[in-house]
Amino acid sequence: MSAYSADKAMPWQLKTQSGEDISLSQYQGKPVILHFWATWCPYCKKLQPSLVALQKQYQAQGVTLLAISFREDEGAKPQDEINNRGFDFITAVNGEQVAKDYEVRGTPTTYFLNRHHEVIFKTTSSKTDDPRLALALKEMIK
């Protein structure tokens, strides 16, 4: 999946920590920041405040931040971890197959999807001041 061509994001369906179904199709027509992460990943923890800030900055345009947790340690509670960090975005759990489908090799990996769920940008960086993040958001909401 190329980072810059208008590849369509693959549909997926997973469960949340509490057992509710969650899928990309639930966010049809909305730009989505799709963040692959793990509770043990220090780079994810570093990046997440920036993703939340970007989502809040563009929430009037419908931008949603969704996370997919994978490669977790036994007994990990990803949603609890997100909430303990002071965030309220939803994370799906047991995302190993979706990560494989999206060719995610490590954490964090973040996809920026437009309203048609075409991939605008993909990054594996945890640099919170990466100007490409804001540029990707501006492109997503067009």
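The structure presented is a predicted model; accordingly, all values stated were derived computationally and were not measured.
Residues in residues 20-45 take part in these salt bridge (charged side-chain N to carboxylate O under 4.0 Å, His left out) pairs, two or more places apart or across chains: Lys15-Asp21.
Across Cys41 and Thr107, no two heavy atoms sit closer than the pair SG-OG1, 3.3 Å. Smallest separation of non-hydrogen atoms from Ser125 and Leu47: O-CD2, 3.6 Å. Here the shortest heavy-atom pairing between Pro108 and Ser126 reads CG-CB, 4.2 Å. Scanning all heavy atoms of the two residues, the minimum distance from Tyr111 to Thr109 falls at CE1-CG2, 4.0 Å.
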Under 3.5 Å, which donor-acceptor pairs do the side chains of residues 48-57 form with other protein atoms, sequence neighbours left out?
{"residue": "Gln48", "atom": "OE1", "partner": "Arg85", "partner atom": "NH1", "Å": "2.6"}
{"residue": "Gln48", "atom": "NE2", "partner": "His35", "partner atom": "NE2", "Å": "3.3"}
{"residue": "Gln55", "atom": "NE2", "partner": "Val63", "partner atom": "O", "Å": "3.0"}

Could you give the side-chain donor-acceptor pairs of residues 66-73 under 3.5 Å, partners two or more places apart or in another chain?
{"residue": "Ser69", "atom": "OG", "partner": "Glu72", "partner atom": "OE2", "Å": "2.6"}
{"residue": "Arg71", "atom": "NH1", "partner": "Arg105", "partner atom": "O", "Å": "3.2"}
{"residue": "Arg71", "atom": "NH2", "partner": "Arg105", "partner atom": "O", "Å": "3.4"}
{"residue": "Glu72", "atom": "OE1", "partner": "Thr39", "partner atom": "N", "Å": "3.2"}
{"residue": "Glu72", "atom": "OE1", "partner": "Thr39", "partner atom": "OG1", "Å": "2.6"}
{"residue": "Glu72", "atom": "OE2", "partner": "Thr39", "partner atom": "N", "Å": "2.9"}

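By the side chain to side chain donor-acceptor pair (under 3.5 Å) test, Gln61 is found to be paired with no residue, residues two or more places apart in sequence or in another chain being considered. Residues passing the side chain to side chain donor-acceptor pair (under 3.5 Å) test with Thr91 are Trp37, sequence neighbours excluded. Lys46 is linked by a salt bridge (Lys or Arg N to Asp or Glu O under 4.0 Å) to nothing, counting only residues two or more places apart in sequence or in another chain. Applying the side chain to side chain donor-acceptor pair (under 3.5 Å) rule to Thr16 yields the partners Ser18; only residues at least two apart in sequence or on another chain are considered. Listed by chain and residue number, Lys142 satisfy the salt bridge (Lys or Arg N to Asp or Glu O under 4.0 Å) test with Glu139 (two or more places apart in sequence, or in another chain). Residues that satisfy the side chain to side chain contact (heavy atoms under 4.5 Å, CB included) test with Ser23, not counting sequence neighbours, are Gln13, Ser25, Gln26. Shown here are the side chain to side chain donor-acceptor pair (under 3.5 Å) partners of Gln28, two or more places apart in sequence or in another chain: there are none. For the side chain to side chain contact (heavy atoms under 4.5 Å, CB included) test, residues two or more places apart in sequence or in another chain that qualify with Lys138 are Tyr58. In this structure Lys77 satisfies the side chain to side chain contact (heavy atoms under 4.5 Å, CB included) test together with Gln17, Asp80, sequence neighbours excluded.
Without hydrogens or angle criteria, Tyr102 side chain to Met10 main chain gives a donor-acceptor distance under 3.5 Å. Counting only distance, with no hydrogens or angles, the side chain of Lys122 and the backbone of Val104 share no donor-acceptor pair below 3.5 Å.
Within 6.0 Å of the OH atom in Tyr43, the count of heavy atoms belonging to other residues, nucleotides or ligands does not exceed 12.
Between Asn94 and Leu14, the closest side-chain pair of non-hydrogen atoms is not below 4.5 Å.
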